[in-house]
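As the structure is a prediction and not an experimental result, all values here were calculated from the model. Letters A, B, ... mirror the listed sequences (proteins, then strands); counts begin at 1. Hydrogens, waters and symmetry mates play no part in the numbers below; they use all other heavy atoms, side chains included.
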Amino acid sequence: MSKSTTQGYWLMKTEPEVFSIEDLRRAGTTLWEGVRNYQARNFMMNDMKVGDDVLVYHSNANPPGVAGLAKVSRLAVPDPTATQRRSPYFDPKASAEKPIWYCVEVRFAEAFPRLIALEQIRQRPELKDLLLLRRGMRLSIQPVTAKEFAALLALRSP
DNA sequence: GCCAACGTTGGC
DNA sequence: GCCAACGTTGGC
């Protein structure tokens, strides 16, 4: 895959106790630091474009679900935490010359009045193919189709 | 806290 | 390159 010219849609997981949609609201923008999985990194490095829509998903939460929306605001740059010795995301194999890890910047767009709960998503037939619902799916950054994005947004208000 | 499913590591 | 051991993810 490589960067296309069409609108892209993504789902990005975050643990709300670490960084929630409200944290993103306060920050305005943030580098999506700490991704240490090659497949997820490759999505950020190769495919995510400024203006792509991002569903912010709260994982390891009670209940888990999509908490809000963001937009990609900057193309991937080296993840600064990879070379910060005191960061929990420090990777001794990374260096300024060979950063290994990259991250995009995202900008807060909206926090949903109500979480779109995982359980609610499971019940929607039009979302049955969502990667998130696939058994054993742990990928922290996932592509979403335009139809799935629209179907998810339709669930955002009661 | 449990544990299934997955990714990574490292010995061979 | 195989694969067992280990660490992590994340729903429950």
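- Across the protein-nucleic acid pair, A:I121 atom CD1 and C:dG11 atom C1' stand 13 Å apart, rounded to whole Å.
- Listed pair A:K13 / C:dG10 meets the phosphate criterion, a side-chain N or O lying under 4.0 Å from OP1 or OP2.
- Whole-Å rounding puts the A:L139 CG to C:dG10 P distance at 9 Å.
- A:Y38 has its ring centre less than 6.0 Å from the ring centre of A:W101.
- Between atom CG of residue A:L69 and atom CZ of residue A:R107 there is a gap of 14.5 Å, rounded to the nearest 0.5 Å.
- Residue A:L131 contributes atom CG, which lies 19 Å from atom P of C:dT9 at whole-angstrom precision.
- In terms of position along DNA chain B, the nucleotide closest to A:N60 lies nearer the 5' end than the nucleotide closest to the other residue of the pair A:N60 and A:R135.
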Problem set entry | Test side-chain hydrogen bond (donor to acceptor under 3.5 Å, both in side chains) applied to A:S73 and A:E105, step by step | CA-CA 5 Å; A:S73 51; A:E105 181 192 78; 2.7 Å; yes
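- The distance between atom OH of A:Y38 and atom C1' of B:dT8, rounded to the nearest whole Å, is 9 Å.
- A straight line from CZ of A:R122 to C1' of C:dC12 spans 10 Å, rounded to a whole angstrom.
- For A:Y89 and C:dT9, the OH to C1' distance is 13 Å, given to the nearest whole Å.
- OP1 and OP2 of C:dT9 both lie 4.0 Å or more from every side-chain N or O belonging to A:Y57.
- Rounded to whole Å, the distance from CG on A:L118 to C1' on C:dG11 is 8 Å.
- Going from atom CD1 of A:I141 over to atom P of B:dC6 covers 19 Å, rounded to whole Å.
- Among the atoms of the strands shown, none is found under 4.0 Å from any heavy atom of A:R134.
- Judged by distance alone, the side chains of A:R26 and A:S20 never bring a donor and an acceptor atom under 3.5 Å apart.
- The side chain of A:K93 places no N or O atom within less than 4.0 Å of a non-bridging phosphate oxygen (OP1 or OP2) of B:dT8.
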